[in-house]
Amino acid sequence: MIERLQRIASLLLRLQLLFILLGIVFAALFVYSLFQFQGDSGSYMLPAIAGFSWAMLLISFAHLFANVPASPGEQDAMLTRWSLKLRRTLMTLMALVMLGLTGAVLLLSWQLIRTWFMD
């Protein structure tokens, strides 16, 4: 699982500049909507929050899973094998946490966009 996430992270690292620019655009859109006086209609605050959340999540994925430790080999010393196993276990736990966070951001985005379309 973490090897697959490492491949995805290598692709996301190549697109990192795009995600940073999108994060800046969504943050600017949020600030613009914050100082805009039109009531609830015409505000882009909710899509800006959703877009900024996705941009930051993708940047986090790219950096977190860019360097996954290699699987321990039989030629490695016992302490090195234990260290690699511990780090890979922690990376797997972090992968599960990040997948849960992705689900939370997906749910948040759905709710924000649904609320935005209701107005």
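- In this structure, CZ on Phe65 lies 10.0 Å from OG on Ser60, to the nearest 0.5 angstrom.
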Going through the checks in order, is the side-chain contact (heavy atoms from CB on, under 4.5 Å) test met by Leu13 and His63?
CA-CA 7 Å; Leu13 275 177; His63 285 282; 4.2 Å; yes
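- Contact of the Trp54 side chain with the Leu22 side chain is not registered, since no non-hydrogen atoms from C-beta on lie closer than 4.5 Å.
- With Met94 as reference, Leu64 is the one residue of Leu5, Leu64, Thr89, Leu99 to meet the side chain to side chain contact (heavy atoms under 4.5 Å, CB included) rule.
- Linking ILVMFWY residues whenever their side-chain heavy atoms come closer than 4.5 Å, directly or via other members, places Leu108 and Ile113 in the same cluster.
- A cation-pi contact links Arg114 to Trp110, judged by a cut-off of 6.0 Å to the six-membered ring centre and 45° from its axis.
- The CG atom of Leu29 lies 13.5 Å from the CD1 atom of Ile24; values are rounded to the nearest 0.5 Å.
- No donor-acceptor pair closer than 3.5 Å links the side chain of Ser83 to the backbone N or O of Leu79.
- Atom-to-atom distance recorded for Arg88:CZ and Lys85:NZ is 11.0 Å, nearest 0.5 angstrom.
- In the hydrophobic cluster analysis, where Ile, Leu, Val, Met, Phe, Trp and Tyr join through side-chain heavy atoms closer than 4.5 angstrom, Met56 is grouped together with Phe26.
- By the 4.5 Å heavy-atom criterion applied to side chains, Leu112 and Pro47 are not counted as neighbours.
- Linking Ile, Leu, Val, Met, Phe, Trp and Tyr residues whenever their side-chain heavy atoms come within less than 4.5 Å leaves Leu21 and Tyr44 in two separate clusters.
- In this structure the side chain of Ile49 reaches within 4.5 angstrom of the side chain of Phe30, judged on heavy atoms.
- Atoms CE and CG, from Met91 and Leu86 in turn, are 12.0 Å apart once rounded to the nearest 0.5 Å.
- Atom OG1 in Thr102 sits 4.5 Å away from atom CG in Leu57 (nearest 0.5 Å).
- Criterion: ILVMFWY side-chain heavy atoms under 4.5 Å apart, direct or through other members. Under it, Leu90 and Val97 are not part of a common hydrophobic cluster.
- Linking ILVMFWY side-chain heavy atoms closer than 4.5 Å, directly or via other members, places Leu101 and Leu107 in two distinct hydrophobic clusters.
- By the 6.0 Å contact criterion, CZ on Arg87 is enclosed, its count of non-hydrogen atoms from other residues, nucleotides or ligands being greater than 12.
- Scanning all heavy atoms of the two residues, the minimum distance from Ala62 to Ala66 falls at O-CB, 3.3 Å.
- Going from atom CD1 of Ile59 over to atom CZ of Phe19 covers 8.0 Å, rounded to the nearest 0.5 Å.
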